[in-house]
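Step one of this worksheet: look at the structure below.
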Amino acid sequence: MDTDRLPGCYRHPDRDTGITCTRCERPICPECMISASVGFQCPECVRGGSGTGHRPTANAARTIAGGVVAEDPQLVTKILIGINVAVFFAGLLVPGLVVQLGLLGRYVEYFGGPVQGLSTGEYHRLLTSVFLHVEWWHIISNMIALWVIGGPLEAALGRTRYLAVYLLSGLGASTLVYLLTAPNAPTVGASGAIFGLLGATVVLARRLRYEMRPVIIMVVLMLVLTFVPFGGAVRVSWQAHVGGLITGALVGLGMLTPTAAKHRALVQWGTCAVVFLLAAALIMLRTAELT
């Protein structure tokens, strides 16, 4: 037995190495060693903490918006699609679910019945309606668009920031619908939030200096399709599409405007707060008008 042989890497035993992790002292080969402030660390120690007293994510790779680069960069998009599909099937199985959760400003379900809708304080409808669909073509087209537009945007922004864009875009879309449509006209669907992702994608393309013509063509095409009438029970809402597009672009600007690292979170989440408060103010004004 050769007692002078170097130890093998703890992850690749067939590779001899004279380097050890400065934290756990396990032998590591060149493929596994990660540069640290002093010496090298193994992948497990790097994942477990930065070794500097900071959070474990302190030295993690970051997206252009400052989010942590995730192992699955499209996880939130997959979850959102799953929620939409699950709610769609729930709507098929549970009578009246669309009426209870859809976007309606003020209505009476039957003569002499109680008044329902956003204006009565049912503000959950602003977001629950974003996950509702009533026809197959409606959910299939929206989920394809969510995957195509949302997946790359999530990878660019990071999970938390991407989810903020999606939810605030959905809120912005619902707000404009509430303001500009008849209070008893039902509106459902994720298209407003998806248009918001498209608005943020325009900002991202501009930030990365990409060729803008394909993105602009996509925006124009989707807006044109907004005004093409479709058959069936679903009414395509231009208010939702325009409201989502504007909101997504505004939040995207806050997320992607070049800012010093120490001020970035303040600018990003400050923008989200301003957009939310503006939507809340418009909702309160409309509610006061209807009541």
Closer than 3.5 angstrom, by distance alone: can the side chain of [X] be matched with the main-chain N or O of [Y] as a donor-acceptor pair?
X: T63; Y: G67; answer: yes
X: R207; Y: L256; answer: yes
X: S169; Y: T247; answer: no
X: R159; Y: E154; answer: no
X: Q268; Y: M255; answer: yes

- Query: Any chance CZ of F276 has more than 12 other-residue heavy atoms, nucleotides or ligands included, within less than 6.0 Å?
  - Reply: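 It does not: F276 CZ has 12 such atoms or fewer within range.
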- Item | Neighbour count >12 (heavy atoms, 6.0 Å) for atom CD, E25 |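 Count not over threshold, so no.
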Can you tell me how far [atom2] of [Y] sits from [atom1] of [X], rounded to the nearest 0.5 angstrom?
X: F88; Y: E135; atom1: CZ; atom2: CD; answer: 8.5 Å
X: L179; Y: R286; atom1: CG; atom2: CZ; answer: 7.0 Å
X: T291; Y: L118; atom1: OG1; atom2: CG; answer: 12.0 Å
X: L204; Y: L197; atom1: CG; atom2: CG; answer: 11.5 Å
X: L92; Y: W136; atom1: CG; atom2: CH2; answer: 6.5 Å
X: S129; Y: L103; atom1: OG; atom2: CG; answer: 4.5 Å

[Y] reachable from [X] in the ILVMFWY side-chain graph, under 4.5 Å edges:
X: L97; Y: F89; answer: yes
X: M212; Y: I149; answer: yes
X: V165; Y: I79; answer: yes
X: L157; Y: L253; answer: yes
X: V188; Y: V85; answer: yes

- Any donor-acceptor N or O pair under 3.5 Å, side chains Y178, T287: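 Judged by distance alone, the side chains do pair up.
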- No-hydrogen, no-angle side-chain donor-acceptor test under 3.5 Å, Q239 and T181: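 Looking only at side-chain atoms, T181 and Q239 do not form any donor-acceptor pair under 3.5 Å.
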Taking the side chain as every heavy atom from C-beta outward, state whether [X] and [Y] have any pair of such atoms under 4.5 Å apart.
X: N84; Y: N142; value: no
X: H241; Y: S191; value: yes
X: L171; Y: V130; value: no
X: W147; Y: L80; value: no
X: C9; Y: C32; value: yes
X: D14; Y: H12; value: yes
X: M218; Y: R213; value: no
X: I28; Y: T20; value: no

Nearest non-hydrogen partners of [X] and [Y], listed with the distance:
X: V215; Y: A205; answer: CG2-CB, 4.0 Å
X: V251; Y: C272; answer: CG1-SG, 4.0 Å
X: G8; Y: T17; answer: C-CG2, 4.3 Å
X: R106; Y: S119; answer: NH1-OG, 2.9 Å
X: W269; Y: A164; answer: CZ3-CB, 3.8 Å
X: R264; Y: A65; answer: CD-O, 3.6 Å

- T77/Y166 under side-chain contact (heavy atoms from CB on, under 4.5 Å): CA gap, chis, key distance, verdict: CA-CA 10 Å; T77 300; Y166 185 88; over 6 Å; no
- Message: Checking Y10 now: which residues fulfil ring-ring contact (aromatic ring centres under 6.0 Å, His included) with it, not counting sequence neighbours?
- Response: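 Expected list: none.
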- Query: Stepwise, does the side-chain contact (heavy atoms from CB on, under 4.5 Å) test hold for W238 with L180?
  - Reply: CA-CA 10 Å; W238 69 264; L180 300 181; 4.0 Å; yes
- Item | Candidate pair R125 and L101, rule side-chain contact (heavy atoms from CB on, under 4.5 Å), full reasoning | CA-CA 5 Å; R125 294 176 180 271; L101 300 180; 5.8 Å; no
- Task: Please go through Y107's hydrophobic cluster and name the other residues, only I, L, V, M, F, W, Y counting, with side-chain heavy atoms under 4.5 Å joining them.
- Result: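 Under the 4.5 Å side-chain rule, Y107 groups with V99, L104.
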- Show the numbers, then the answer: is there a side-chain contact (heavy atoms from CB on, under 4.5 Å) between I81 and K78? CA-CA 5 Å; I81 291 174; K78 295 173 184 176; 5.8 Å; no
